[in-house]
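Count residues from 1 along the sequence.
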Amino acid sequence: MKVVNKMQIKGINWLVERNKSIFGNHEIKIPVQHIYPCISISAIFTKSKKQKTPMKKLLSLAALLAGLSMNGVAKDGYKIQLKFNDVRDSAFFLAHYFAKPLPTIYKTDSGKLDKTGLSVLKSDQKITGGMYIIMLSDRKTYFEFLLNNGDDLVINVPNSKTLPQGLTIKNSVENDAFIKYEEFVHTVGEEHQELSKKLATAKNSVDSAAIKDKMTAKMKSLIDYRNDFSAKNPNSLLAKIFKGLDLPKVPEGKHFLPNGEEDKDYAYRYYKSHYWDNFDLKDGRMINTPMYDARLSEYFEKLVLPSTDSMIKEADWILTQSRGSGDLFNYTLSWLANYSQESKVMGMDRVYVYLVDHYYAKGDAAWLSNDLLQKHLDHARELSPTLIGNMGYDITMKDTSGKKDITVSNIKSKYKLIVMWEPTCGHCMKEVPAMDSTYKAAKLKDRGVKIIGICGEDAPQAWKDFIKKHNLSEWTHIYDPEHKSNYKAWYNVRSFPTMYVLDEKGIIRGKSIDHSNIVSLIDMLERQDADKKKNSK
């Protein structure tokens, strides 16, 4: 594939700019194998093959405990007195989660243990509470704890090799609850592992069923523990996280439509409509947990219909709900922009343009530098003319003789497939003949499709030779020897080949296509046009 212009920006991660301007920090990657076994952090968002409900996952202490809001805050920042009984003269990091589970965390501060294993970290800068991590320089020895703005903690680690067991944290009701729950989870985890071993050696189905019942009961005990804690501490952040992890439970039994027919889509609609019921999108501390990115992915990738109208509606809703939550809102907006820009669903770039126009351009992307913000604005402006549903740019060029002018709008057909390519482009040399073969095999000409091939470089002889060699006789071939059309800018051509489908009115109906999906696109357009005619009667 020949790249024309590298100005297009895809997947700009707002964290890069944010960490430079706010934290001056960097991302830390921990090898997954170093995650200590309890109920693994990395297992929180791993689906069980036997589970039918989306995102019904094993719960981990690390994903659940992002901090409580029990203590009053006296001042901004934090003070952490840290003592390792068995580690000396070692550097360490203070890091935090940010929407994703391990191994991705972000550095906040650093220090060094002295000859007695003691160190003190202090900051007077306001922080967002959540789950933080103390990690030694080996990046294998670490523990998690809860840190809120204004905390003054005294942490003692009696044995670094048995972490998190034995850990004590003074001056924090939040961490008292953290440690107690951690002990409970550890115990349940060990019992669950023992039952798993017994299940593997069960002699018959009766024994297997009995063991599975016990495993279910163990997991239920965790749920009961969380529910009990939430009932007693309804305003704590821990309770919010417990509730946030409670996914909708679809009522059992059959459900019926008003006309008496069974509602086959009831489970989906119920689950989607209640998905965010218990997740507090206004609490900015929820961003400093490992759960939010997975929740966004589950919702927008699996529950929201892959159409621009649905995506825009849902994006507006969640951004409205999270507005004022600081980094939670920022992450949501950035995630949606990246997702819509990188989506493989045709036409989803309209969502990206919408977000830039209605949020980025109106000051909601304050984390970005002026330069990066301008790149987003410029990119959205470049994409706007080529959005599906817009009128395509009319092109007038010369035919293969170089003498006759041909205007695309004068070519009468139900659909026009515009293929912009180059005879010296490696990908074009494969794709163009493949498109021609598909066009002929599927008899698209009989279905009202005409192909207009546009030569993208000033190499008329190579272009003509390629046309003749591959017998592209059913195409209308044009080129721009005097470079007057500026079609690359109007059609946002960044690489070759680039293809669009226009209808008889010149409206863009398809883009970012190739020979593998052109037939299915025409099938879809014909269905849409037939439905439109039917509904207009």
Side-chain angles (χ1 to χ4, degrees), residues 305-309 343-350 385-397 399-400 404-423 427-456 463 466-479 487 490-493 496-537:
L305 295 177
S307 70
T308 56
D309 289 344
S343 175
K344 297 184 185 303
V345 177
M346 186 179 66
M348 203 58 70
D349 51 352
R350 178 178 289 278
T386 68
L387 298 179
I388 291 177
N390 289 356
M391 183 67 68
Y393 173 65
D394 199 11
I395 298 172
T396 298
M397 292 184 181
D399 67 357
T400 54
K404 181 181 179 181
D405 286 337
I406 294 180
T407 300
V408 170
S409 62
N410 290 335
I411 299 174
K412 303 304 178 182
S413 62
K414 187 176 181 180
Y415 304 109
K416 282 172 273 196
L417 171 59
I418 300 177
V419 181
M420 298 166 239
W421 63 285
E422 291 183 342
H427 188 56
C428 299
M429 294 171 71
K430 296 179 181 178
E431 178 59 32
V432 169
M435 178 61 81
D436 183 64
S437 296
T438 301
Y439 179 75
K440 293 173 179 176
K443 298 182 179 180
L444 293 181
K445 182 178 180 180
D446 296 340
R447 297 171 65 178
V449 181
K450 289 186 179 180
I451 304 184
I452 297 96
I454 298 177
C455 181
W463 173 53
F466 192 94
I467 292 172
K468 183 177 181 181
K469 178 181 178 181
H470 294 280
N471 190 30
L472 305 179
S473 57
E474 296 187 13
W475 296 39
T476 298
H477 298 284
I478 56 178
Y479 79 122
Y487 77 95
W490 282 104
Y491 279 99
N492 194 35
V493 180
F496 289 115
T498 294
M499 305 184 193
Y500 285 82
V501 170
L502 277 58
D503 64 15
E504 56 192 349
K505 296 180 180 179
I507 296 172
I508 298 172
R509 301 291 297 275
K511 59 190 292 188
S512 302
I513 53 179
D514 58 27
H515 75 279
S516 68
N517 52 29
I518 181 60
V519 176
S520 59
L521 173 61
I522 297 301
D523 289 343
M524 181 187 74
L525 295 180
E526 288 181 333
R527 288 195 301 271
Q528 290 177 349
D529 292 342
D531 290 341
K532 187 176 180 180
K533 288 182 180 179
K534 182 179 179 181
N535 293 332
S536 64
K537 292 181 179 180

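Taking every heavy atom of both residues into account, I388 and R350 meet most closely at O-NH2, 2.6 Å. The shortest heavy-atom contact between F496 and M420 is CD2-O, 3.3 Å. Residues C428 and P433 come closest through the heavy atom pair O-CD, 3.7 Å.
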- Check the pair K511 / T386 against side chain to side chain contact (heavy atoms under 4.5 Å, CB included), numbers first and verdict last. CA-CA 8 Å; K511 59 190 292 188; T386 68; 3.1 Å; yes
- What's the verdict on side chain to side chain contact (heavy atoms under 4.5 Å, CB included) for V345 and M348, showing C-alpha distance, side-chain angles and the deciding distance? CA-CA 6 Å; V345 177; M348 203 58 70; 3.7 Å; yes
- Does the pair K404 and D399 meet the rule for a salt bridge (charged side-chain N to carboxylate O under 4.0 Å, His left out), with working shown? CA-CA 6 Å; K404 181 181 179 181; D399 67 357; 5.7 Å; no
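Under a 4.0 Å N-O distance rule, the pair D446/K440 does not qualify as a salt bridge. A salt bridge between R447 and D523 is present, with a side-chain N of the basic residue lying under 4.0 Å from a carboxylate O of the acidic one.
In this structure, CD1 on I518 lies 4.0 Å from CD1 on I513, to the nearest 0.5 angstrom. Atoms CD1 and NE2, from I451 and H477 in turn, are 8.5 Å apart once rounded to the nearest 0.5 Å. Separating the CE atom in M429 from the NE2 atom in H470 is a distance of 6.5 Å, to the nearest 0.5 Å. Rounding to the nearest 0.5 Å gives a distance of 12.0 Å between CD1 of I406 and CD1 of I395. Residue T498 holds its OG1 atom at 12.0 Å from OH of Y491, rounded to the nearest 0.5 Å. For the atom pair OG (S512) and CE (M499), the distance works out to 10.5 Å, reported to the nearest 0.5 Å.
At distances below 3.5 Å, not a single donor-acceptor pair connects side-chain atoms of D531 with backbone N or O atoms of Q528. Distance alone, capped at 3.5 Å, is enough to place a donor-acceptor pair between the D394 side chain and the S409 backbone. Remark: the backbone N or O of G389 is not paired with any side-chain donor or acceptor of R509 at under 3.5 angstrom. Side-chain N or O atoms of K416 include one that pairs as donor or acceptor with a backbone N or O of I411 at under 3.5 Å. Remark: the backbone N or O of G506 is paired with a side-chain donor or acceptor of D503 at under 3.5 angstrom. Side chain of H515 to main chain of Y439: no donor-acceptor pair is present (N/O by atom type, distance under 3.5 Å, no hydrogens or angles). Distance alone, capped at 3.5 Å, places no donor-acceptor pair between the K445 side chain and the E474 backbone.
Side-chain atoms of H427 and P497, non-hydrogen and from C-beta on, do get closer than 4.5 Å to each other. Using a 4.5 Å heavy-atom cutoff, the side chains of L521 and M524 are in contact. No side-chain heavy atom of L502 sits under 4.5 Å from any side-chain heavy atom of Y415. Looking at V519 and T438, their side chains come closer than 4.5 Å, going by heavy atoms from C-beta outward. Looking at I454 and V419, their side chains never come closer than 4.5 Å, going by heavy atoms from C-beta outward. The side-chain heavy atoms of K414 and V449, taken from C-beta on, include no pair separated by under 4.5 Å. For the pair I508 and L387, the minimum side-chain heavy-atom distance is 4.5 Å or more. Residues I452 and W475 are not in side-chain contact: their nearest non-hydrogen atoms beyond the backbone lie 4.5 Å or more apart.
Looking only at atom types and distance, the side chain of S307 has no donor-acceptor partner in the side chain of D309 under 3.5 Å away. No side-chain donor from either of Y500 and N492 sits under 3.5 Å from a side-chain acceptor of the other. A donor-acceptor pair shorter than 3.5 Å cannot be found between the side chains of T476 and K450.
Note on ring orientation: taking the six-membered ring where Trp is involved, the planes of F466 and W421 are tilted (angle from 30° to 60°).
Ring pair Y487/Y393: centre-to-centre distance not below 6.0 Å.
Taking a 6.0 Å sphere around NZ of K468, one finds it holds 12 or fewer heavy atoms contributed by other residues, nucleotides or ligands.
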